[in-house]
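Take a look at the structure below.
None of these values were measured; they are calculated from a predicted model.
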Amino acid sequence: MTLLSVSGLEAGYETGQVLFGVDIDVEDGELVSLLGRNGAGKTTTLRAIAGGTEPTVLGGTIGFDGQELSGSAPYEIASRGISFVPEERRCFPRLSVVENIRLAINHAENPKDIETVLEFFPELSEMREKHAKNMSGGEQQMLAIARALAANPRLMLLDEPFEGLAPYIVRRIEDIIAEINDQQEIAVLLVEQNVAAAVAVADYHYILAEGRIVESVSTAQLRANEEVRQRYLGV
Ligand code: ATP
């Protein structure tokens, strides 16, 4: 079943239009990446799905579980089952691991319990009282994903989850995302510039260039197609 169906999405800012008809489908339980160079419009696409003041949606439809999402407030979109982990991670720096996750639980309609969440993050489980501000970038990224998982979503939107992290942490977060997807049957749409990490974790890939989807390919097709990688991704 198609869980998320973005069709002809047009969106932009006061400074101008950025998306010119984006089509993305995510099936229930699927792990999909949205790839593209700097400024292609990847973050704009995720923000349009997650709702909020920016960007302005100018056209197209965003269907989720058979209902239209665009125009809904971010809390309504979250309560329908979409968790968004923005690039800047947004953990509360002066709160502990447990307090950060509890806040997410308190804001969710049908949350998971904290022990279920922490099972996926043994590293966090060992630093329950540590404040987010004293944690490494990789630990903070884990905490941001833990907070998103606590809301018990059907779809997780992850904006560059591997950015700025050391290779061994990238591997670890790839594993966590794959485990959550697999064991909790949560669909994932992740935005990446790190093509290797996206290929390692996602089953299917959309490539965005200048606000349009120019290719949609399986992992095997993306691996095989050097021309696509060169032209749109520079790798
Ligand atoms: P990046 O990897 O750099 O985040 P991206 O593919 O996610 O790239 P977006 O962040 O969606 O790209 O940006 C697409 C375009 O929209 C860029 O030209 C950017 O300057 C512009 N843009 C992004 N956010 C805003 C904003 N808040 N106001 C005005 N323009 C913006």
Measure from the side-chain N and O atoms of [X] to the backbone N and O of [Y], and report whether any donor-acceptor pair falls under 3.5 Å.
{"X": "S79", "Y": "E76", "result": "yes"}
{"X": "T219", "Y": "A202", "result": "yes"}
{"X": "K42", "Y": "G36", "result": "yes"}
{"X": "N100", "Y": "S96", "result": "yes"}
{"X": "E68", "Y": "S70", "result": "yes"}

Which atoms form the tightest heavy-atom contact between [X] and [Y], and what is the distance?
{"X": "P86", "Y": "D159", "answer": "C-CB, 4.0 Å"}
{"X": "D23", "Y": "I213", "answer": "O-CG1, 3.5 Å"}
{"X": "E87", "Y": "E163", "answer": "OE2-OE1, 3.0 Å"}
{"X": "V22", "Y": "G211", "answer": "CG2-O, 3.5 Å"}
{"X": "C91", "Y": "A144", "answer": "SG-N, 3.8 Å"}
{"X": "V85", "Y": "A148", "answer": "CG2-CB, 3.5 Å"}

Checklist entry - side-chain hydrogen bond (donor to acceptor under 3.5 Å, both in side chains): which pairs involve residues 171-181, sequence neighbours left out? => result E123-R172
Hydrophobic cluster identity match, [X] and [Y], side-chain contacts under 4.5 Å:
{"X": "V6", "Y": "V217", "value": "no"}
{"X": "I176", "Y": "L189", "value": "no"}
{"X": "L158", "Y": "V199", "value": "no"}
{"X": "M156", "Y": "M1", "value": "no"}
{"X": "I114", "Y": "L95", "value": "no"}

[atom1] ([X]) with more than 12 external heavy atoms under 6.0 Å:
{"X": "E99", "atom1": "CD", "result": "yes"}
{"X": "Y13", "atom1": "OH", "result": "yes"}
{"X": "R94", "atom1": "CZ", "result": "no"}

With rounding to the nearest 0.5 Å, note down the distance linking [atom1] in [X] to [atom2] in [Y].
{"X": "L9", "Y": "I62", "atom1": "CG", "atom2": "CD1", "result": "5.0 Å"}
{"X": "F92", "Y": "R90", "atom1": "CZ", "atom2": "CZ", "result": "9.0 Å"}
{"X": "N134", "Y": "M127", "atom1": "CG", "atom2": "CE", "result": "10.5 Å"}
{"X": "I207", "Y": "L222", "atom1": "CD1", "atom2": "CG", "result": "5.5 Å"}
{"X": "E10", "Y": "Q17", "atom1": "CD", "atom2": "CD", "result": "5.0 Å"}
{"X": "L124", "Y": "Q140", "atom1": "CG", "atom2": "CD", "result": "10.5 Å"}

Checklist entry - Any salt bridge (Lys or Arg N to Asp or Glu O under 4.0 Å) pairs touching residues 204-227, not counting sequence neighbours? => result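 Residue pairs with at least one partner in residues 204-227: E227-R231.
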If we only count heavy atoms from C-beta on, is the [X] to [Y] side-chain gap below 4.5 Å?
{"X": "V191", "Y": "T45", "result": "no"}
{"X": "N152", "Y": "I186", "result": "no"}
{"X": "S83", "Y": "R147", "result": "no"}
{"X": "R37", "Y": "Y232", "result": "no"}
{"X": "I101", "Y": "L118", "result": "yes"}

Checklist entry - Are L143 and M135 close enough, and set up right, to give a side-chain contact (heavy atoms from CB on, under 4.5 Å), and what steps lead you there? => result CA-CA 10 Å; L143 182 55; M135 290 161 55; 4.1 Å; yes
Under 3.5 Å, is there a donor-acceptor pair linking the side chains of [X] and [Y]?
{"X": "Q184", "Y": "K112", "result": "yes"}
{"X": "D25", "Y": "T2", "result": "no"}
{"X": "S218", "Y": "Q221", "result": "yes"}

Checklist entry - Going by side-chain heavy atoms closer than 4.5 Å, which hydrophobic residues are tied to F20, directly or by a chain of links? => result none
Item to check | Side-chain hydrophobic cluster, 4.5 Å single linkage: members besides L58 | outcome: none
Item to check | Partners meeting ring-ring contact (aromatic ring centres under 6.0 Å, His included) with Y204 (sequence neighbours left out) | outcome: Y206
Would you be so kind as to tabulate the donor-acceptor pairs closer than 3.5 Å made by side chains of residues 28-35, with sequence neighbours excluded?
| residue | atom | partner | partner atom | Å |
| --- | --- | --- | --- | --- |
| D28 | OD2 | R154 | NH2 | 3.3 |
| E30 | OE1 | E27 | N | 2.9 |
| S33 | OG | H205 | ND1 | 2.8 |

Checklist entry - Between I173 and Q141, does a side-chain contact (heavy atoms from CB on, under 4.5 Å) hold up when you go through it step by step? => result CA-CA 8 Å; I173 291 185; Q141 185 60 268; 3.7 Å; yes
Next on the checklist: Applying side-chain contact (heavy atoms from CB on, under 4.5 Å) to I145 and F121, what does each step give before you reach the verdict?
Outcome noted: CA-CA 10 Å; I145 297 172; F121 303 92; 3.9 Å; yes
Item to check | Pair E115 + R128, salt bridge at N-O below 4.0 Å | outcome: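 Yes, this pair counts.
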Checklist entry - Would L155 and F84 satisfy side-chain contact (heavy atoms from CB on, under 4.5 Å), going step by step from the backbone distance to the final call? => result CA-CA 9 Å; L155 172 68; F84 176 39; over 6 Å; no
